[in-house]
Enquirer: 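Shown below is the structure under consideration.
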Amino acid sequence: VVHSVAQATSRRAFPAPRAAAMTCLTAAQPKKVGSPLATSREIYSPRATSLNVLPSRQNIFIDGSPHPHGIVPSSGHLAPCLVDSLASPLLRAATPTPEVPSRKGTLDLDKDTVELTPVSDEDALSWREAVFNLANTVLGVGVLSVPFAFRLSGYSSLGIVLVVIAITALTANFIGAALVLAERSPVAQAVPRRGRDFAFLAHVAFGPVGRAIIGAITCLEIWFALVTFMVMSGVNINIAFPAVDKGVAVIFSCLFSGMLVFLPMRIFSYLSLASSLSLVVAMGAMVTAALTMFAWANPYDHIGKPALIRPENIPRSVGIIVFCFAGHPCFPIVHECMKDRSQWRLSIAATFFLALVYYGGLGVFGYLVFGTALEASLTQNVAQLRNALLCRTISAVAFVVKLQLTTPLLMNAILVSCWAPAAGAPEWPPGRMVALGALIAATAVTAVFFADNVAAVASLTGSLFTMATSVLFPTIVHWRLRQIFEEKMNSASIATHAVVVAFGTVMAILGTALAVQDMSK
């Protein structure tokens with residue numbers, strides 16, 4: 001059963017008396033020299049948060065049981081740490097506990113670890129169900145800017161799509177392998193499988209400092225994605241209702257999203273279906289509108305070689321395309337909920353094949369149809385088709401629905417990362433309301449300022465933040481965990497990790513510099 005991970009924290013908080021009765025793992029074990037866990041006096045403890053989503057990602061899962069994740073009766077020498085619900089990619093502060101150093105060598109998982117919340121048969125995923133959830137995180141509205149990447153770099157952008165998909169698929173496999181390795185850490189004994197996220201991996205690999213860094217980067221990535229989506233929403237509202245100014249539409253979208261934050265999160269588990277259907281409707285309407293044209297641009301016939309490749313724009317195109325693959329921080333929960341985690345690679349292969357068809361297909365199609373006249377958002381080109389008024393309106397409205405059902409979740413994620421609701425306290429005290437208002441205002445002002453430069457914002461987000469979370473972090477953390485747990489790496493594996501890190505670093509630097517340059521114009 002696939003549901004939404006979104007759930008109001010205040011409704012998931014564990015009652016205080018029982019919570020007080022829960023204690024954390026304190027059993028002493030021999031110290032492993034050189035491990036970041038050996039000197040840390042903090043045990044990773046995921047705090048309850050509202051959701052586990054990233055840009056245009058809504059439905060993962062929610063447990064059907066009445067009890068919070070991670071809560072099991074104490075037995076023997078082990079009393080598990082309190083975990084109120086699924087941890088989001090944005091980790092709250094760890095709870096200080098007595099030191100639990102790691103054991104030298106590889107742990108015997110059958111003897112040394114305890115699965116606090118094994119995935120039930122009802123909630124365990126087959127590889128096909130995993131594909132559904134992974135695809136929901138990968139296939140999003142970022143596709144609107146992909147044809148513009150083709151305008152920047154020509155048909156060579158299809159090669160860029162292939163390279164980006166190959167690398168992000170590889171880093172997705174690194175995430176699965178890293179989670180398996182992290183099970184050997186004593187920290188994993190206090191964290192249920194469903195609570196193991198990027199922050200958990202960072203804590204196991206690099207300690208509290210690494211956990212704090214990846215949390216901050218993920219938070220910034222979500223906020224920049226929120227700004228990008230608000231701009232896209234304003235553009236599409238303006239297309240559907242030309243009398244509404246683009247800036248006014250952006251402000252309205254921010255205010256409306258802020259109001260939707262107060263809806264019970266369970267409602268979004270049902271609205272996510274409407275969100276996914278609206279994306280299908282929008283794509284169908286756009287293709288239908290393009291078919292009404294008497295002639296397509298066919299750029300190669302008009303401009304020749306520049307239609308094939310423009311090397312100076314490749315870092316810009318890489319940033320725009322990488323922005324579409326911001327869902328990696330959601331992957332750990334899918335991996336940990338699979339019935340057979342050995343089929344993770346199969347699920348990744350199927351998912352990223354769909355991504356190739358989705359992004360590559362629409363990118364080539366948009367470039368063939370509109371050529372060098374492509375705008376930063378494909379719907380802006382569709383809006384110029386006079387013979388397809390109905391199709392362009394349907395497309396714009398459908399994208400607005402998709403965006404407006406996504407942005408409240410992103411707002412909530414950012415707010416929770418900065419000010420999580422306290423157990424037993426009101427979810428919306430006055431101070432938290434003020435923080436929400438400040439977030440709405442900051443997002444609206446930034447989105448209005450960059451309302452005419454959505455491609456540059458998407459490129460900056462992809463180059464600087466998504467490159468860090470979806471390319472660099474999975475590679476580095478997998479490399480580090482193999483060192484910690486003394487997993488030997490052959491020369492081919494070392495070379496693969498080095499190439500991915502080099503690609504991510506170079507493209508992050510070049511893409512960020514070009515995006516900042518474009519935004520400053």
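Here the structure is a predicted model, which means the values were calculated and not measured. Count residues from 1 along the sequence.
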Enquirer: Are more than 12 heavy atoms, taken from residues, nucleotides or ligands other than F262, located less than 6.0 Å from that residue's CZ atom?
Expert: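 Enclosed.
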Enquirer: Taking side chain as C-beta onward, heavy atoms only, is S253 less than 4.5 Å from I237?
Expert: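 Yes; the side chains approach each other to less than 4.5 Å.
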Enquirer: Could you give the distance from CD1 (I314) to CZ (R316), rounded to the nearest 0.5 Å?
Expert: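 Those atoms lie 11.5 Å apart.
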Enquirer: So, N236 side chain and M232 main chain: donor-acceptor pair closer than 3.5 Å or not?
Expert: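 Present.
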Enquirer: Report yes if some heavy atom in the side chain of C324 is under 4.5 Å from a heavy atom in the side chain of V146; otherwise report no.
Expert: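 In short, these two side chains touch, coming nearer than 4.5 Å.
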Enquirer: If I compare all heavy atoms of P329 with all of T469, which pair ends up nearest, and what's the gap?
Expert: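 Closest approach of P329 to T469, heavy atoms only: CG-CB, 4.3 Å.
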Enquirer: Just so I know, are the side chains of I217 and F473 near enough to count as touching, which here means a heavy-atom distance under 4.5 Å?
Expert: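 Answer no - side chains too far apart.
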Enquirer: Could you tell me whether the side chain of S185 reaches within less than 4.5 Å of the side chain of F485, counting heavy atoms only?
Expert: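 SC-SC contact between F485 and S185 confirmed.
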Enquirer: Do the side chain of S153 and the main chain of N313 share a donor and acceptor less than 3.5 angstrom apart?
Expert: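 Here the side-chain-to-backbone pair exists.
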Enquirer: Are any non-hydrogen side-chain atoms of L510 and V318 less than 4.5 angstrom apart?
Expert: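 Not touching, per the 4.5 Å side-chain cut-off.
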Enquirer: Do the side chain of T466 and the main chain of F323 share a donor and acceptor less than 3.5 angstrom apart?
Expert: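 Checked: no pair found.
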Enquirer: Look only at the side chain of S395 and the backbone of C391, and say whether a donor-acceptor pair between them is shorter than 3.5 Å.
Expert: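 Not confirmed, S395 side chain does not pair with C391 backbone.
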Enquirer: Quick one: do V334 and T137 satisfy side-chain contact (heavy atoms from CB on, under 4.5 Å)? Show the steps, please.
Expert: CA-CA 10 Å; V334 182; T137 70; 5.7 Å; no
Enquirer: Rounded to the nearest 0.5 Å, what separates atom CG in L170 from atom CZ in F352?
Expert: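 Here the interatomic distance stands at 10.0 Å.
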Enquirer: Out of curiosity, L260 CG to T406 OG1, how far, rounded to the nearest 0.5 Å?
Expert: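 So the CG of L260 and the OG1 of T406 are separated by 11.0 Å.
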Enquirer: On a heavy-atom basis, which atom in L181 and which in R482 lie closest, and how many Å separate them?
Expert: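 Heavy atoms of L181 and R482 come nearest at CD1-CG, 3.5 Å.
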Enquirer: State, with a plain yes or no, whether a side-chain heavy atom of F132 is found less than 4.5 Å away from one of L125.
Expert: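 Not touching, per the 4.5 Å side-chain cut-off.
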Enquirer: If we check ring pair (Phe, Tyr, Trp, His ring centres under 6.0 Å) with Y359, which of these qualifies: F365, F150, F325?
Expert: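 The single option meeting the ring pair (Phe, Tyr, Trp, His ring centres under 6.0 Å) with Y359 is F325.
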Enquirer: Can you tell me if CZ on R341 sees more than 12 non-hydrogen neighbours from other groups inside 6.0 Å?
Expert: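 Yes, CZ of R341 has more than 12 neighbouring heavy atoms, counting only those of other groups under 6.0 Å.
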Enquirer: Of V138, I175, V471, which meets side chain to side chain contact (heavy atoms under 4.5 Å, CB included) against H328?
Expert: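 Output: one option passes, namely I175.
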Enquirer: Could you check, using the six-membered ring where one of them is a Trp, whether F200 and H203 have ring centers closer than 6.0 angstrom?
Expert: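 No, the ring centres sit 6.0 Å or more apart.
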Enquirer: CZ/F399 to CG/L279 distance, rounded to the nearest 0.5 angstrom?
Expert: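 So the CZ of F399 and the CG of L279 are separated by 6.0 Å.
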Enquirer: Counting distance only, does the side-chain N/O of W127 pair as donor-acceptor with the main-chain N or O of D340 below 3.5 Å?
Expert: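 It does not hold such a pair.
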Enquirer: A178 and L481: which non-hydrogen atoms are nearest, and at how many Å?
Expert: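 Heavy atoms only, the tightest pair is O-CD1, 3.5 Å.
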Enquirer: side-chain contact (heavy atoms from CB on, under 4.5 Å) for I494 and W479? Distances and angles first, verdict last.
Expert: CA-CA 8 Å; I494 294 174; W479 198 338; 4.1 Å; yes
Enquirer: So do the side chains of H335 and P332 get within less than 4.5 Å of each other, counting heavy atoms only?
Expert: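 They are not in side-chain contact.
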Enquirer: If I compare all heavy atoms of W344 with all of M338, which pair ends up nearest, and what's the gap?
Expert: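 Minimum heavy-atom contact is CE3-SD, 3.5 Å.
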Enquirer: Given 3.5 Å as the limit, does a donor-acceptor pair link the side chain of R196 with the main chain of A188, or not?
Expert: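 Judged by distance alone, yes, a pair lies under 3.5 Å.
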Enquirer: Between atom CD of Q483 and atom CE of M489, what is the distance when rounded to the nearest 0.5 Å?
Expert: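 If we round to the nearest 0.5 Å, Q483:CD and M489:CE are 7.5 Å apart.
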Enquirer: So, the side chain of T218 versus the backbone of I214: is there a donor-acceptor pair under 3.5 Å, distance only?
Expert: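 Yes.
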Enquirer: Looking only at side chains, do Q404 and S257 share a donor and an acceptor under 3.5 Å apart?
Expert: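 A donor-acceptor contact under 3.5 Å links the two side chains.
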Enquirer: Provide the closest heavy-atom pair for P315 versus L514 in the form atom of the first, atom of the second, distance.
Expert: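 Taking every non-hydrogen atom into account, CB-CD1, 3.8 Å.
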Enquirer: List for me each residue that meets ring-ring contact (aromatic ring centres under 6.0 Å, His included) alongside H478, sequence neighbours excluded, and say none if there are none.
Expert: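 Applying ring-ring contact (aromatic ring centres under 6.0 Å, His included) to H478 gives F174, H497.
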Enquirer: Do Y358 and L362 have side chains that approach each other closer than 4.5 Å (heavy atoms only, starting at C-beta)?
Expert: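 A side-chain contact under 4.5 Å is absent here.
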Enquirer: Which heavy atom in S317 sits nearest to a heavy atom in I160, and how many Å separate them?
Expert: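 Nearest heavy atoms, S317 then I160: CB-CD1, 3.9 Å.
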Enquirer: Find the distance between CE (M230) and CZ (F256) and round it off to the nearest 0.5 Å.
Expert: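 The distance works out to 10.5 Å.
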Enquirer: Look at the side chain of S126 and the backbone N and O of E129, then say whether any donor-acceptor pair between them is shorter than 3.5 Å.
Expert: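 Indeed, once roles are kept as given, a pair shorter than 3.5 Å links the two residues.
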Enquirer: Counting only N and O atoms by type, is there a donor-acceptor contact under 3.5 Å from the side chain of S145 to the main-chain atoms of G142?
Expert: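 Not a single qualifying donor-acceptor pair exists.
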Enquirer: Angle between ring planes, Y155 versus Y367, binned at 30° and 60°: parallel, tilted or perpendicular?
Expert: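 Perpendicular.
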Enquirer: Ignoring hydrogens and geometry, is there a side-chain-to-backbone donor-acceptor pair from S377 to L144 under 3.5 Å?
Expert: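 Such a contact is absent between S377 side chain and L144 backbone.
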